[in-house]
Amino acid sequence: MVESRPIEEFTARWRSLTGIFHDARGQDPRTALGKVLTDLVPEAGPALVFEDPGFPVPDMAEWLMGFGYEPIVVRASAAGPVDVDGLPWERKNLKEAAARAALGISTGAWAVAHTGSVAVYGDRDHGTWPSLLPPAHLILLRADSIYATLGDGLRRLHFEPGGLPPEVKLITGPSSTGDIEGQPVIGVHGPARVGVLLVDAH
Amino acid sequence: MREAWPIRRYRALQDGELRRTLARVLPRMAEGRVRAYEDDPEAEVRRVRARDRRREAVRNPGLVERAMAAIEARGGRAAQVRDGEEAAAYLIEIARRRGATRVVKSKSMVTEELELNQRLAAAGIEVRETDLGEYIIQLAGERPSHILAPAIHRNRSQVKDVFVDAATGFGVEAPASDDLDVLTAFARRQLRADFLSADIGVTGGNFLVAETGTLILITNEGNADMVTTLPEVHVALVGMEKVVESFEDLTDLLPVPAMNGVGRRLSSYTTMISGPRQPGQLEGPEEFHVLFVDNGRSQIRGTPFEEVLTCVRCGACYNVCPVFRQVGGHAYGSVYGGPIGSALTPLLSSLRYAHDLPESLCTLCHACVEACPMDIDLPHHFVALREQAVREGLKPKGVSLTYRTWSHWWESPRGYRRSIRLARLAQRLYERRGRLQGGPGLLGGWTRTRDMPPVARETFGEWWERQEERRHG
Amino acid sequence: MRVRLFVTCLIDIFQPETAKAAVRILERRGAQVSVPEAQTCCGQFAYNAGYRDEATALARHFVEAFAKDEADAPIVALSGSCAAMVKEIYPELVGDDPRFPALHDAVSDLSEWLLENPGPAAAGGEQIPVAFHTGCHMRRLLGLSDEPKDVLRAAGAEPRTLRDADQCCGFGGTYSMSEPEVSTAMAEAKLQRFQEAQLEGAAALVGSDWGCLLHMAGRLSRTGRDAPVLHLADVVDLADTGPLTAGRLREAGTFGRRGER
Ligand code: SF4
C-alpha cells in the first residue's frame, strides 16, 4: 500500500520549488505526459530519454514523436548503452546529443518528502546527463518511492542490487544562483525547469 | 604580501556600492536561516547531532586513511598532499600523462587556499572557474569576497562590464544589457563550451564519508555535476578535516550548509560520488582522484582551537557579522574572510601573518557563535588569539603600555580615584563646550568621530561618599 | 531588602546621574542600597584586548571589593555587558576563588531585579514609544532581551525593536577607540534604524548599556543630530516621578545637558 502523507508533503514541497508537477496516477500516461510537456518546454525539440530497465515505459519514444519531439533514446544493455536501433552509444556522441537536447527525461530512483528532493542515479543503468545538460528535465517518479525523510532515502542506497552507484544526485529544485546581487536566477548551468510526473507504483 | 589593514579598511568603507549591496543581501540570507529553523521543528535536533558527529570526526586521526582505502576499493585513487605545491604537482602529473591542457573547476575554497589556479597556469594548464560568482571574479582578476557568493561585492552593472570586456577577449557577442537573465545566459553559453571540451574536472568537497569513500558536493547551479561527469578525469581536493565517519552521518549533515547559509532544506544539487564510471557506463570520469589536503590543518588538531575544523563553510557567520556587513570579504585580505576566516587564517598560517583579523575585525558581539550550526565559539578563539598576540609581542608597545598601566591603576580604589583626578586635569586641554574633542591614544580614537562627555565633576562614587557622610555624620 | 549596586566604571565616571537614578528606583521599591566602595571596573576592557593577566587582577579586585560584606545580597549591575563579564568570563579568571560562586549567583542585571520587584504602577495614559537597543552581551551572554522591554512597558513606555536589532552598534568596548572607522560605520547603520524609528514616533533611544549608548549619543551629537538617549534606569526613574512624556525624555536624555547638570 502506498502511504499518502509523504506523497502529499512531497507534492507540496516540489511544487513550491519548481512549480511543475503532475499526478498521473490512474490516468492515461500519454495524456499526462502531454500536459507536463507543455509546462516544461516552450517548443518541441530533441528529447533525450534515458530508459530505466527497472522502470520501462515502452511507448515513450512513440508518444514523444506524437507530440512533435525527436526522441534520442539511451537504453542500458549488458554491453553498455545502445540507441533505439540497438547500436552502441559512444561517450562523445552521447555527450553531444545531450547538449543538443531541449528536454531530458529520466527516472527518479526515490524521493524525499521532507526536503522535496528526487534522487537520480548515475550508474550502468541510469544516466544523469538528461537531468543536467538540457534546459528542461522531466522526472518520472513512482509514487511508492517517496520516503518521508532524507535518512530513509539514504539508507536505501546500501541495498541497491548493483551496490552504491558511482553517482547519486539529489535534485531539490531547478539550477539556480544568487551570485549577482543575491537575486535568484534560474537555469544557470543545469535546467531552469524541472518537472515531476508521478506515476503508479506498477 | 598582504595589504595592510588600514588600506583594506579604507578601501572597503569608501565603497558605497559594496556596502549597499551587503546591506541588502546579507540580512536576507540571515533571516532565511532563522525562518528555516522556525519552519522545521526537528531541524535543531538534527543540527546538534550533526555538530557532535563533526566534533568526533575531526578528533579522529584515522579517518583519512580509512577514507583512502575505501576510495581505492571502489576504483578511485587517493593521496594526501601537504600543501599547494604538492597538490599542483599531482595534477600536473595527471595532465602530462593524459596530454590534458584544459581544466574546469567548481567552487572550492581549498583550491583558493592552495593557489592552485596560479600554479596550474604556470605549468601551461588553463583553468576555468565555472561557478557563476567565481567566473565573474576570475574574469575580473579578483578574489572571492564571500564563501557562498564570491562576487557579492559587485552589482549587476559592474558584472556586465566584466562580461563585456571578456566577450571582446573571447571574440563573442557581449551581453546586451545588465539584466540578470541576460548576464546569466552569457555565462551559461560561454561555460557550456568549456564544460564540453575540458580534459580534467577539479572540485573541492563538502564532506567525504570514510566508510564508503563517498565525496559530497553541494551546489545550486549544477556546475559541479558538469565538472564531475563530463571530463575524463575528476580530481577532488578535500580538506582533511572534511572526512566524516559513516554514511549514516550524512542524514543530519547534508542539510546543514544550505539550512544555515541561505535557509533552504537542501541546495538544488547534492551529489554523492563514490567512484569513477563503471564498465558499461558512459557518463562520469574514467579516473577519479581524491587529494586530502593538510596545508596547516594538522597543526590545529589537538589544540584548544580544534573545533574550528568542524566548520562546514555554510556562511552563516558571515551573514550575521556586523563588521562583515560594513566592510565585506576583501577587507580580510585572506582567502577565508568573515568570522571563521578571522580564526582560520592565522591558525592555518601563523598569527604573525594575520593577527589583524582576530584583532581588528571583531567587536566580540557573539553573533557568529549564535548563528554557527557547529557552535564554534569564535569570540572565545579571538580572545585567545589576542592573548597569544600579547604573549608573542605582536601588539605595539604603546598599546600594551596603555592597557597595563590602566589595569594596574584600577586594581585599587586609590589608583582608580587618582586616575579620575588626573583625567579631570588633563581633559581641560580637550574640553570644548561640554564635550571632549581630540585627545591622545584611545581617547583620540573615540573623539575622531564621536563626542564624549567629560569626566563628571563629581563621580557617582564621590557623590555616594558625600551622601554617606551626611547620613552617618 | 539589601541590594548592592554594581555601578560600572563608565557610569561612575561619565554618567553618574544614571547611578543616582538607579539608587532612587531601587529605594522606591524597598531596597536598602549599598555601594561597595572599593569597586572600580570589571576588567572587560583588558580581557577583550588579550591582556588576560591584567584582567585577572581586576577580577580578583572585584571579588575583594564585593566579598567584603553581605555575601548573599543581590548585586545589581547597571550594564548588561559588565554583568556578563562576571557571570560568563570570571569563572575562567577567578573560578578558583572560594568566594566567587556566591558572587556569581548574586549578580543580575537591573532589568531582572526590576521585574522581580515591581514598583508603583505607572500612571496610566498613553504609552510613549521609545526605540530600544539591546546590547549584544545582554542578549547573547545573559540571554535577556524581553526583560528590559517588559520593564519599560511597566514604566509606561512602548519599547520598539529596531530593524536589524541583532546587529552590534559597533561599540565593542575599546574597539570603539582602536577601530573608530569601522565602529562608526556600524553606529551609522544602527542610527539609520533609529531614525526610521523616530519617524515612526519613537521619542528616545533607550538601552541598558552606557557603552553602546555613549557611542551612539556621541555620534549623534558630533553630527548635529541630538536626540534623547537614556538608560533604562533613567526612564524608570522618570516614570516613577510622573507620567512619561516626550518632553521629559528629551529634558533628561539630551547629550550635552547631562554633563552640565
Ligand atoms: S564557522 Fe560556523 S557559521 Fe561560520 S561558516 Fe563555519 S560552520 Fe558556518
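The analysis underlying the following values was restricted to heavy atoms, covering all of them including side chains, and did not include hydrogens, waters or symmetry mates. Naming: A, B, ... by sequence-line order, numbering from 1 per chain.
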Which heavy atom of Thr345(B) sits nearest a heavy atom of Leu357(B), and at what distance?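 That closest heavy-atom pairing would be CB-CD1, 3.7 Å.
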N/O donor to acceptor pairs below 3.5 angstrom from side-chain atoms of residues 363-371 of chain B, sequence neighbours left out:
| unit_1 | atom_1 | unit_2 | atom_2 | d |
| --- | --- | --- | --- | --- |
| Glu370(B) | OE1 | Arg140(C) | NE | 2.9 |

Just by distance, no angles: are the side chains of Ser145(B) and His153(B) close enough, under 3.5 Å, to form a donor-acceptor pair?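 Note: Ser145(B) and His153(B) side chains meet the donor-acceptor criterion.
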When heavy-atom pairs shorter than 4.5 Å are enumerated against chain B, which of Ala49(C), Gly135(C), Gly43(C), Ala217(C) gives the highest number?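 Of the options given, most contacts go to Ala49(C).
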Under 4.5 Å from any heavy atom of chain C, what part of Val455(B) do you find: side chain, backbone, both or neither?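 For Val455(B), the contact with chain C is made by backbone and side chain together.
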With chain B, which of Val7(C), Ile11(C), Ile89(C), Asn48(C) has the greatest number of heavy-atom pairs at distances under 4.5 Å?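 Ranked by heavy-atom pairs under 4.5 Å with chain B, first place is Asn48(C).
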With a 4.5 angstrom heavy-atom cut-off, could you sort out which part of Arg414(B) is near chain C: side chain, backbone, both or neither?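 Neither part, no heavy atoms under 4.5 Å.
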Structural part of Arg391(B) lying under 4.5 Å from a heavy atom of chain C: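 Neither part, no heavy atoms under 4.5 Å.
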So which residue, Val327(B), Leu13(B), Val399(B), ends up with the most heavy-atom pairs under 4.5 Å with chain C?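 Highest number of heavy-atom pairs under 4.5 Å: Leu13(B).
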Does a side-chain N-to-carboxylate-O contact under 4.0 Å join Glu92(C) and Arg52(C)?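 Salt bridge present between Glu92(C) and Arg52(C).
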Between Glu17(B) and Arg20(B), is there a salt bridge with N-O shorter than 4.0 Å?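 Between Glu17(B) and Arg20(B) there is a salt bridge, with a charged N closer than 4.0 Å to a carboxylate O.
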Is Cys9(C) close to chain B through its backbone or its side chain, or both, or neither, when contacts mean heavy atoms under 4.5 Å?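 For Cys9(C), backbone and side chain are both near chain B.
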May I ask you to name which of Tyr47(C), Phe62(C), Phe171(C) has the most heavy-atom pairs under 4.5 Å with chain B?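 Looking at each of Tyr47(C), Phe62(C), Phe171(C) in turn, Tyr47(C) comes out on top.
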Answer whether the closest heavy-atom distance between the side chains of Arg450(B) and Ser176(C) falls below 4.5 Å.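 Result yes, sub-4.5 Å side-chain heavy-atom pair found.
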Heavy-atom contact with chain B under 4.5 Å, split by part of Val35(C):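 Both backbone and side chain.
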Toward chain B, the part of Leu220(C) with a non-hydrogen atom under 4.5 Å: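 For Leu220(C), there is no contact with chain B at all, as no heavy atom is under 4.5 Å.
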Please identify, among Ala12(B), Ser400(B), Gly415(B), the residue contributing the most non-hydrogen atom pairs under 4.5 Å to chain C.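 Heavy-atom pair counts peak at Ser400(B).
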Give the interface residues of residues 436-449 of chain B toward chain C, defined by a heavy-atom separation under 4.5 Å.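 Those residues of residues 436-449 of chain B which have a heavy atom under 4.5 Å from chain C are Leu436(B), Gln437(B), Leu442(B), Gly445(B), Trp446(B), Thr447(B), Arg448(B), Thr449(B).
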At a 4.5 Å cut-off on heavy atoms, which part of Glu465(B) comes close to chain C: side chain, backbone, both, or neither?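 Side chain only.
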Pick from Arg19(B), Glu359(B), Lys395(B): which one has the most heavy-atom pairs with chain C under 4.5 Å?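 Sorted descending by pairs with chain C, the first entry is Lys395(B).
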Between Phe100(C) and Tyr90(C), how do the two ring planes meet: parallel, tilted or perpendicular, split at 30° and 60°?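 Answer is tilted, since the angle falls between 30° and 60°.
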Run through Arg417(B), Arg457(B), Arg424(B) and flag the one making a salt bridge (charged side-chain N to carboxylate O under 4.0 Å, His left out) with Glu462(B).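 Of all the options given, the one that passes is Arg424(B).
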Chain C contact via Trp464(B) - which portion, at a heavy-atom distance below 4.5 Å: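 For Trp464(B), the contact with chain C is made by the side chain alone.
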Salt-bridge criterion met for Glu17(C) and Lys20(C) (N-O under 4.0 Å):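 Salt bridge: yes.
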Non-hydrogen atoms of chain B under 4.5 Å away: do they reach the side chain of Ser34(C), the backbone, both or neither?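 For Ser34(C), the backbone is the part near chain B, not the side chain.
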Measure up the Phe324(B) and Tyr318(B) rings against each other and bin them: parallel (under 30°), tilted (30 to 60°), perpendicular (over 60°).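 The arrangement is perpendicular - the two ring planes meet at more than 60°.
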Side chain from CB out, backbone as N, CA, C, O: work out which of these in Arg9(B) comes under 4.5 Å of a heavy atom of chain C, or both, or neither.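 Only the side chain of Arg9(B) comes within 4.5 Å of chain C.
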Testing the 3.5 Å rule here: is there a donor-acceptor pair between the side chains of His146(B) and Asn319(B)?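 Yes, because at least one side-chain N or O of His146(B) sits under 3.5 Å from a partner of the opposite role on Asn319(B).
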Counting only non-hydrogen atoms closer than 4.5 Å, does His408(B) touch chain C with its backbone (N, CA, C, O), its side chain (CB onward), both, or neither?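 For His408(B), no heavy atom lies under 4.5 Å from chain C.
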Do NZ/NE/NH1/NH2 and the carboxylate oxygens of Glu31(B) and Arg163(C) come within less than 4.0 Å?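 Salt bridge absent between Glu31(B) and Arg163(C).
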Any donor-acceptor pair under 3.5 Å linking the side chain of Arg386(B) with the backbone of Tyr51(C)?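 Flag not set: sc Arg386(B) to bb Tyr51(C) has no pair under 3.5 Å.
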Arg404(B)/Asp53(C) ion pair, N-O < 4.0 Å: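 Asp53(C) and Arg404(B): not salt-bridged.
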Under a 3.5 Å distance rule, please check whether Arg99(C) uses its side chain to pair with a backbone N or O of Val63(C) as donor and acceptor.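 Not a single qualifying donor-acceptor pair exists.
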Leu385(B) portion near chain C, given a 4.5 angstrom heavy-atom threshold: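 Contact with chain C: none, neither part.
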Who among Ala189(C), Pro180(C), Gly172(C) has the most heavy-atom pairs with chain B under 4.5 Å?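 That would be Pro180(C).
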